[in-house]
Amino acid sequence: MIKIQLPDGSIREVPKGTSALDIANSISPRLAAAVVVARVRSLEPAPATNNEAALEASEEAMYSSHAPGSAAARIVDLNMPLTEDVALELLKENDPAALKVVRHSAAHVMATAILELFPETKLGHGPATDNGFFYDVYRDVPFTELDLAAIEGRMAEVVRRDEPFVRVEESRDKGLTDYAAQGEFMKIHFIERFTKPGDEISLYKNGGFTDFCRGPHVPSTGRVKAFKVMSIAGAYWLGDEKNQQLQRIYGTAFFNAKDLDAHFKHLEEIKARDHRVLGKQLDLFSIQEVAGAGLIFWHPKGGLIRKTMEDWMRDECVRRGYNLVYTPHIMRRELWKISGHEGFYSENMYPPMELDDAEYRLKPMNCPGHILIYKNSPKSYRDLPARYAELGNVYRYERSGTMHGLLRVRGFTQDDAHIFCTPEQVVSEIEACLDFAEAVLKTFGFKEYRVELSTRDPNKAGEFVGTEEDWASAEGALTGVLSGRGLSFQSFPGEAAFYGPKIDIKLVDVLGRLWQLSTVQFDFNLPRRFELEYIGEDGARHQPVMVHRALFGSVERFFGVLIEHYAGAFPMWLAPVQVGLVPISEKHLEYAHSVKARLEAAGLRVELDTSNNKMQGKIRDFGLQKIPFILIMGDKESATDSVSVRVRAKGDEGSVTVEAFLERVKKLVGEHSMEL
RNA sequence: GCUGAUGUAGCUCAGUGGUAGAGCACUCCCUUGGUAAGGGAGAGGUCAUGGGUUCAAGCCCCAUCAUCAGCUCCA
């Protein structure tokens, strides 16, 4: 007999070999029908997990469905015989872990369908993802959309057959031999990678289909109730572009049709906030084929928002002790050789232009320009810290398939600054950068963010420049500042730039998506390459510490994220048109013009609709443009020097005097208020 | 760069080898109204670009460019 502890704390004694499904059935048949999978936790004290194993497990989990679960708690098949005392949790159709199991099982159903229709296909792996699942397969002939439809149809049949998922264990050698006979080269790779000689390997069978898989699965294919084959894409074998390309077939699955529908609705919502869609609808920016990919045209309304962002940023820089500088867009190739870009960044740079005096290259970064300004005159410790800031346009050659709206472009503007300081000043400078970064996020309406610290991988010292001591002190400074501020952060060893460690701030938008924007980085490399120095208090020459920092990251990318964050409904201070004026009839036009003049005199951005459309139509048009305030003016208003106020997303608020309205909105603008 | 899909009016899209279409937007006319679409008329296209097949190509074939979904990359 073994002891099974249920979530309410009660303990049942059952014969060894009893399954979770048996227990569910003993509680109630309805529970047994609703439960998908079980989570068990050993009642013995959990053995200390060793770090290396945990690391390997996470690596496996990245591209394998064979990763072992944690020793403490693991998800198991409902019909797996329980052989020791465990705490048992029956997961029903409301549990995220259960959904993953459903999706992974859906991947097996899809593989079953694919092999039935296209037996020549070789299988890679088929994990669940955040939004569904995929299966990587290899076949000489690409699958067409018709094939995908056929696969989906056959999946429905496999589900209807309601084949039980049966776990089978067999010797590794037999598995390898069988797969070799079938030419399943990818399965062989996975077995060799994830199991050791002498291990038993686990297979899951449903009907005539068998897959090397560690599970768990739903009890039978009939439990995959709501699914859809989504799309097909190329994916490199083992994620390496030097390897052959596989066909990755994406699908998604949910517990029921309602959830599946909700998922598609959610996809539509995301599409409606897509900055590329809104950029067109609100006439903010464009990308033009005739000009080239990844190059942004800022239209008047987008330009106005950009100006507001830039004005704020420049003012704030000045207020915080930065000096604004400007540097050229093209510079001699010689400079890029000194900086090292010519060597290690060349792939991302536009090729040299040959002029009569020398070769020139477009700048991919602003650092060398700022360094030349620093170097132009001797510096004393009294001159430090020197903080040079620039909204610098840089051009980087991105590979053709990688551009994405405003978020990944070939020409963009960095709010870039470089701080040259003494080692003693570093901590307070980093502090100030983080303060500034927080101010940016807060001002533009982002409440949540995550902090990441990227450090050197000591095992790969050769890939990083700078001495042991440099790195130790720089990483210590960054860590110290972060903990000193009480910020929780995640460390990423090995993720540092080759020239120094960095802090990245990722903001979380309204949909919970993460965006990498702000970055604060140490640089041991450039000060040395350019032989930067300052005269210290001791009269000797010293090398300054250099800190790179960008807060918007790129103005283009930040704008793109901003559009999606607000779904185009910008707060008052950023809205390109702040007030829309609607005269009810032609005879109110004169009054409308006078109101417009008064609002504009107060610095507001106002649009007056003088068309002969109906007032309802004018309201609709302004509404679609997501203008914060619409003012309606008819007989009543013109007689009392007032306006009828309609607020975005709130509606009609009745009439107030022009003075009172002005008072209200000037406050909203001045305070950068998120509300209206 | 790789795999697949897409490219028709300013926008969203229909058009399976035989005269280039719709709705919205735009211009003009009528309508002058009380909180998200009044009515009518008109104008607008090198069907991404370049080749090819065909008596005939938006449609079939090839190449190129761009976009989209992924992959890879992203100081």
Side-chain angles (χ1 to χ4, degrees), chain A residues 129 134 136 142-145 147-148 230-250 267 271 274 276-277 280-281 283 286-295 339-341 344-345 347-348 364-367 394 396-405 407-410 414 416 454 495-500 502 504 516 519 521-523 525-526 548 550 553-554 557 580 582-589 611-625 630-637 644-648 650-655:
Chain A
T129 65
F134 64 78
D136 278 347
F143 289 107
T144 64
E145 263 169 40
D147 293 339
L148 294 192
M230 302 288 286
S231 60
I232 185 160
Y236 298 105
W237 169 231
L238 301 178
D240 188 334
E241 68 180 321
K242 287 193 272 305
N243 288 339
Q244 63 186 303
Q245 198 159 32
L246 308 174
Q247 301 189 61
R248 175 168 294 179
I249 304 178
Y250 282 90
L267 290 182
K271 171 100 171 137
D274 188 310
R276 293 165 299 183
V277 173
K280 234 178 232 172
Q281 272 169 19
D283 199 14
S286 62
I287 297 166
Q288 317 243 0
E289 187 174 341
V290 68
L295 302 170
S339 71
H341 290 85
F344 61 77
Y345 203 67
E347 265 182 21
N348 285 294
M365 294 185 194
N366 302 301
C367 341
V394 296
R396 297 180 184 176
Y397 177 76
E398 298 286 354
R399 294 210 277 174
S400 61
T402 57
M403 265 79 72
H404 183 93
L407 303 180
R408 183 89 180 262
V409 295
R410 283 182 174 159
Q414 291 182 305
D416 207 358
S454 299
E495 289 297 304
F498 78 91
Y499 51 72
K502 60 177 181 171
D504 288 330
Q516 150 81 62
T519 182
Q521 316 184 345
F522 259 82
D523 191 336
N525 182 48
L526 288 176
H548 303 247
S554 112
R557 177 178 286 191
V582 175
I584 287 178
S585 82
E586 221 165 48
K587 54 182 196 246
H588 310 113
L589 250 182
S611 74
N612 60 357
N613 288 335
K614 283 187 74 164
M615 157 207 157
Q616 285 86 343
K618 296 180 188 183
I619 290 172
R620 177 173 185 272
D621 289 346
F622 280 137
L624 289 175
Q625 288 297 303
I630 299 173
L631 302 183
I632 292 107
M633 287 156 289
D635 289 336
K636 264 191 300 182
E637 287 76 17
S644 173
V645 181
R646 188 187 166 95
V647 186
R648 183 178 64 203
K650 289 182 183 164
D652 187 4
E653 291 194 349
S655 293

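Order of the sequence lines fixes the chain letters, A, B, ..., with proteins taken first and strands second; residue numbering starts at 1 for each chain.
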Requested in this report: Both distances under 3.5 Å, Watson-Crick or G-U wobble: report the partner of B:rC59, or none.
Outcome: none
Query raised in the report: Under 3.5 Å, is there a donor-acceptor pair between the side chain of A:Arg646 and the main chain of A:Asp652?
Result: no
Requested in this report: Give none if B:rA43 has no partner; otherwise give the nucleotide forming a Watson-Crick or G-U wobble pair with it, both distances under 3.5 Å.
Outcome: none
**Report entry** Whole-angstrom distance between B:rG51 and B:rG58, as gauged at atom P
**Finding:** 14 Å
Query raised in the report: Within this structure, what is the CD-to-P distance between A:Glu586 and B:rC30, rounded to whole angstrom?
Result: 10 Å
Query raised in the report: Is there a donor-acceptor pair under 3.5 Å between the side chain of A:Asp147 and the backbone N or O of A:Thr144?
Result: yes
**Report entry** Opposite nucleotide pairing with B:rU53, Watson-Crick or G-U, both atom distances under 3.5 Å
**Finding:** none
Query raised in the report: Rounded to the nearest Å, what distance is computed from the CG atom of residue A:Asn613 to the P atom of nucleotide B:rA37?
Result: 12 Å
Requested in this report: Searching all strands shown, indicate the nucleotide that pairs with B:rG70 (Watson-Crick or G-U wobble; both distances under 3.5 Å).
Outcome: B:rC2
Query raised in the report: Counting any heavy atom closer than 4.0 Å, what does A:Met365 reach on the DNA or RNA strands: base, sugar-phosphate only, or nothing?
Result: base
Requested in this report: Please evaluate the base of B:rC73 for a donor-acceptor partner in the side chain of A:Arg408 within a cut-off of under 3.5 Å?
Outcome: yes
Query - Pair partner, B:rG23 [Watson-Crick or wobble, under 3.5 Å] - result: B:rC11
Requested in this report: Mind checking A:Asn348 for me? I need base, sugar-phosphate or nothing, with any heavy atom below 4.0 Å counting as a touch.
Outcome: nothing
Requested in this report: In whole angstrom, give the distance that lies between atom CD1 of A:Ile630 and atom C1' of B:rG34.
Outcome: 14 Å
Query raised in the report: Is the shortest side-chain N/O distance from A:Lys280 to OP1 or OP2 of B:rU12 below 4.0 Å?
Result: yes
Report summary line: Per-nucleotide protein contact along nucleotides 62-70 of chain B, 5' to 3', at a 4.0 Å heavy-atom cut-off (B base, S sugar-phosphate only, - neither), is ---BSSSSB
Report task. Could you please name the partner base of B:rU64, counting Watson-Crick and G-U wobble pairs only when both distances are under 3.5 Å? Result -> B:rA48
Query raised in the report: Does the side-chain contact (heavy atoms from CB on, under 4.5 Å) test come out yes or no for A:Met633 and A:Val582, once each step is laid out?
Result: CA-CA 6 Å; A:Met633 287 156 289; A:Val582 175; 5.8 Å; no
**Report entry** Donor-acceptor pair under 3.5 Å, A:Glu398 side chain vs B:rG1 base
**Finding:** no
Report task. Write down the distance separating the P atoms in B:rC24 and B:rG7, rounded off to the nearest Å. Result -> 24 Å
Query raised in the report: Mind checking who B:rA36 pairs with, Watson-Crick or G-U wobble, both distances under 3.5 Å?
Result: none
Report task. Scan A:Gln521 against the nucleic acid and name what it touches under 4.0 Å (heavy atoms): base, sugar-phosphate only, or nothing. Result -> nothing
Report task. Without swapping roles, check the side chain of A:Ser339 against the backbone of A:His341 for a donor-acceptor pair under 3.5 Å. Result -> yes
Query raised in the report: Which part of the nucleic acid, if any, lies within reach of A:Lys502 when heavy atoms closer than 4.0 Å are counted: base, sugar-phosphate only, or nothing?
Result: nothing
Report task. Quickly work out the A:Asp621 CG to B:rA36 C1' distance and round it to whole Å. Result -> 9 Å
Report task. Let me know the distance between CG of A:Asn243 and C1' of B:rG1, rounded to the nearest Å. Result -> 15 Å
Report task. May I have the distance from A:Ile619 (atom CD1) to B:rG33 (atom C1'), rounded to whole angstrom? Result -> 11 Å
Requested in this report: Starting at atom CE of A:Met615, determine the distance to atom P of B:rA36, rounded to an integer number of angstrom.
Outcome: 7 Å
Requested in this report: For B:rA14 and B:rC59, measure between their C1' atoms and round to the nearest Å.
Outcome: 14 Å
Requested in this report: May I have the distance from A:Gln288 (atom CD) to B:rC11 (atom P), rounded to whole angstrom?
Outcome: 10 Å
